[in-house]
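Values reported hereafter were calculated over all heavy atoms of this structure, with side chains retained and with hydrogens, waters and symmetry mates removed. These figures come from a predicted structure and were not determined experimentally. Lettering of chains follows the sequences in order, A, B, ..., and the numbering in each one begins at 1.
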Number of protein chains: 2
Amino acid sequence: MSYIPKSTCYRVTPQRRIVLEELKKVCTHPTAQEVYELVQKQDKSVSLATVYRSLDFLVEQELVIKLKARGKQARYDADLTQHCHLVCKKCGRVSDCFDVEKLKIDSKEIGKLGFCPCLDYLEIPGLCRECCGC
Amino acid sequence: MSYIPKSTCYRVTPQRRIVLEELKKVCTHPTAQEVYELVQKQDKSVSLATVYRSLDFLVEQELVIKLKARGKQARYDADLTQHCHLVCKKCGRVSDCFDVEKLKIDSKEIGKLGFCPCLDYLEIPGLCRECCGC
DNA sequence: TTTACTATTGATAATGATTCTCAACAAGAG
DNA sequence: CTCTTGTTGAGAATCATTATCAATAGTAAA
């Protein structure tokens, strides 16, 4: 698994490999529970706690993005190409959007606030096709 | 309390009034627990459950915005003037930003996805002054 | 004003996503 | 092999939020 840098003192375990590989297969931004179900199809012995720990580890290694979105469950994404997320306020579903002009923030305002924005993987609230009446 | 529309069949109770008034006094985007503490200073008898219910009610009435932000606790804002929120990925603190050019999303992309974005009250991740080394 | 009805409340239990604990295990260095 | 340290599975604990329920308080009709 070339994804995970060898430089760390942490190991590339079979569990972590499966979690990342399964996450790379889908584009549905699954919850930890859903990742667990995907992982279970590969290896019944992997526990939910390990899935949570592996996801934390992969987020730490910047190989996976954690989305807070709406809803109580976090969602995960292993697609690292620059894009933002359209998050439905009603049903919580998340879809990708690759054609978004970057947000422009007034530089004076920024300086005043001393805030360093991370505009990649922005989460844009709204209503998806199913939930939007219009 | 002129804020709450009379058209609904719901009542303007003392508890709801206090919650909204306390929230209007601050610009710190408090959590429900923090709102509870503010409310307690006005009326010891108001319960935490009522604070949660009042906040839900006020969000429903579109008098208050609920922020999911980072961290596990939701945060609330009674400032309805258009602005976005700068959310620190590290400490979870939220600050306001009033000078942001709206995000531009490719109309073809939008059409394809059938997504209606709500660009008000956008939450922009980043690092605040304290957490940003630079 | 009574009465009936419904919304609201405080207290507390329940929920559920996530994190923690801990004994067992595994990989690598010496 | 042995020591050290990271990792795992199982299950308990945490904690923000929501649900339950009996009591209460407006409100509208009689």
Closer than 3.5 angstrom, by distance alone: can the side chain of [X] be matched with the main-chain N or O of [Y] as a donor-acceptor pair?
X: A:His85; Y: A:Val94; answer: no
X: A:Arg75; Y: A:Leu67; answer: no
X: B:Glu34; Y: B:Thr31; answer: yes

Q) Can a side chain N or O of A:Thr13 be found less than 4.0 Å away from OP1 or OP2 on C:dA26? A) no
- prompt: For D:dT18, does either OP1 or OP2 sit under 4.0 Å from a side-chain N or O belonging to B:Tyr52?
  reply: no
Is the positively charged end of B:Arg16 above the ring of B:Phe57, judged by distance under 6.0 angstrom from the centroid and angle within 45° of the axis?
yes
Exercise for review: Describe the nucleic acid contact of A:Thr31 in one word from base, sugar-phosphate, nothing, applying a heavy-atom distance below 4.0 Å.
Suggested key: nothing
- Base, sugar-phosphate, or nothing for A:Gln33, non-hydrogen atoms under 4.0 angstrom?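 Contact class for A:Gln33: none.
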Output the single nucleotide from [options] whose closest atom is nearest the side chain of [X].
X: A:Thr50; options: D:dT18, C:dG10, D:dT8; answer: D:dT8
X: B:Ala74; options: C:dT9, D:dT8, D:dT17; answer: D:dT17
X: B:Gln15; options: D:dG9, C:dT9, D:dT8; answer: C:dT9
X: A:Leu48; options: C:dG10, C:dT18, D:dT17; answer: C:dT18

Rounded to whole Å, CG of B:Leu67 lies from P of D:dT17 at a distance of 12 Å
To the nearest 0.5 Å, atom CD1 of B:Ile18 lies from atom CG of B:Leu23 at 13.0 Å
Under a 4.0 Å heavy-atom criterion, the protein footprint on nucleotides 19-28 of chain D, written with B, S and -, is BB-----S--
Exercise for review: Could you tell me which non-hydrogen atom of B:Tyr76 sits nearest to which non-hydrogen atom of B:Lys66, and how far apart they are?
Suggested key: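 In this case the closest contact between B:Tyr76 and B:Lys66 is OH-CE, 3.6 Å.
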